[in-house]
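So that the names make sense, note that chain A is the first sequence line, chain B the second, and so on, each numbered from 1. Being a predicted model, the structure only gives us computed values, none of them experimental.
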Amino acid sequence: MERSAGALRVVDVDADAPEPGGTSDPGSPAASADPAGPTSESPHRVRIIDGTLACLARHGTVKTTVDDIARESRVSRATVYRAFPGGRDEILGAVVDTEMARLFSALGVRLGTAGDLREALVGGIVEASTRLRDHAALHFLVEHEPGMILGHLAFEDSDRLLATASGFTAPFLARWMPPHDAERVAEWAVRIVLSYAIAPSDLTDVCDPVQADRLVTTFMLPGIAALQTADAGPIDITPYGGNRPDPDRPVSSP
Amino acid sequence: MDDTRQRIVEAAYACVARRGVAKTTIEDVAKEAGMSRATVYRTFPGGRDEVINATVAWATLDFFARLYERIRGAESLEEVMERGIMFAHRSIVEHEVLQRVMQTEPDKLLPILTVESIRIREGIVTVLSPYLQERGLAVGVDLHDAADFLARMVLSYISAPGRWDLDDPNQVARLVRSELLAGMVIPERSR
């Protein structure tokens with residue numbers, strides 16, 4: 001998940017060479033008439049990434065070869081290497097980046113269109129939880145290559161994941177509370193999503209808006225109010241990666 | 001746990017502490033425990049994997065035994081949680097074997113820990129439920145719902161503190177009274 005810093009790189013337009021539909025000049029109109037569609041928006045990259053996701057959902061990373069990816073994406077091996085000169089490893093990196101970008105952009109839409117805090121929390125939790133639940137490749141990897149995924153969910157790496165996901169979410173919540181409270185609340189929401197994603201509950205289905213709303217109104221909203229009560233006094237924010245005070249983040253009370 | 005199982009599990013723990021999970025064989029465990037390989041296999045027919053799982057389970061039980069010791073005599077739900085969270089956080093940070101295996105062989109340990117975390121969560125529910133009940137739940141809050149949610153959150157904070165400094169009693173007190181308990185119990189001053 002540390003790759004997420006570059007998450008948006010993949011959706012940038014890139015100068016991917018068009019598929020040579022045989023021996024013709026790659027720049028010719030015939031070559032542009034590739035079944036992938038318009039070549040100006042790197043169709044191969046997205047196609048190959050989606051093909052790779054399908055492979056991962058069936059075989060995981062270990063057994064997925066560039067040939068499998070090419071076959072699944074219905075492009076030639078040469079096209080795969082032209083789009084991803086680094087081969088398998090580069091493709092897998094791009095898959096992680098793309099999936100993070102997809103998750104975060106969907107989350108951003110939900111958070112950005114919410115009319116109040118309750119709606120933002122419920123919408124964000126449902127959106128993220130549903131996407132994690134329905135992610136076939138993620139499930140295969142958790143099941144068969146646990147070290148790959150679970151490593152991000154344990155101890156220090158989990159802190160990094162919390163930082164990334166709550167760093168994305170906090171500015172949306174800061175519409176309704178001071179920024180330093182928004183960071184804590186965002187982190188709390190991420191914890192909830194992760195807990196139920198790792199170990200689904202018989203008691204609460206957080207993918208169901210009604211149940212997620214019950215959880216938010218019963219446990220979160222009173223907790224947020226308590227975080228903000230003036231009589232509790234100001235609280236130091238612990239920067240990630242250590243207990244040193246962060247000069248860039250002055251402590252203030254609500 | 002009977003005496004033979006206990007000896008084997010403690011021996012396995014010593015082997016893992018020295019050499020890690022991958023390099024620990026049944027042979028090593030038998031030698032460390034001062035018994036034959038046959039005895040180890042009779043006690044753990046599943047072999048190495050079963051021994052390793054039992055060792056993690058034993059370490060978890062040991063943790064809960066020390067946790068109970070630590071929270072004994074606490075006078076309120078808040079105090080139980082403060083003491084418990086600070087103790088659990090320290091136990092994880094200072095657990096040399098856990099930390100080393102997490103560094104060197106996360107693949108071996110994580111699947112076991114993921115299964116184990118369900119048992120740990122149930123353990124936390126068992127510890128906290130009576131205190132929650134005694135403290136008094138907020139209107140409309142179900143004990144099972146509250147205890148399960150609380151245990152999930154406690155597990156999340158102790159394994160990854162994020163923005164909270166769990167060595168600072170003031171921060172832990174604040175965490176307990178806001179994100180953890182505020183929605184589920186009757187406010188302190190109205191009791």
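Summarising the geometry of B:Asp148 relative to A:Ser201, their closest heavy-atom pair is OD2-OG, 4.0 Å, with the distance given to 0.1 Å. The heavy-atom pair separating B:Ser178 from A:Leu227 by the smallest distance is OG-CD2, 3.6 Å. Heavy-atom minimum distance, A:Asp159 versus B:Gly162: OD1-N, 2.8 Å. A:Glu187 and B:Tyr157 get closest at one heavy-atom pair: OE2-CE2, 4.4 Å.
Atom CD of B:Glu96 has 12 or fewer neighbouring heavy atoms from other residues, nucleotides or ligands inside a 6.0 Å radius.
Residues of residues 205-222 of chain A that come closer than 4.5 Å to chain B, counting heavy atoms only, are A:Arg214, A:Leu215, A:Thr218, A:Phe219, A:Pro222, ordered by residue number. Using a 4.5 Å heavy-atom cut-off against chain A, the contacting residues of residues 114-125 of chain B are B:Thr114, B:Arg121. Interface residues of residues 55-69 of chain A toward chain B, defined by a heavy-atom distance below 4.5 Å: none. Contact annotation for residues 149-156 of chain B against chain A (heavy-atom separation below 4.5 Å, listed by residue number): B:Phe149, B:Arg152, B:Met153, B:Ser156.
Chosen from A:Val185, A:Ile224, A:Ile192, A:Thr204, the residue pairing most often with chain B at heavy-atom distances under 4.5 Å is A:Ile192.
In this model, a donor atom of one side chain and an acceptor atom of the other lie less than 3.5 Å apart for A:Ser166 and B:Arg163.
Atom NE2 in B:His144 sits 12.5 Å away from atom CG in A:Asp202 (nearest 0.5 Å). Between the CG atom in B:Leu180 and the CH2 atom in A:Trp188 there is a gap of 7.5 Å [rounded to 0.5 Å].
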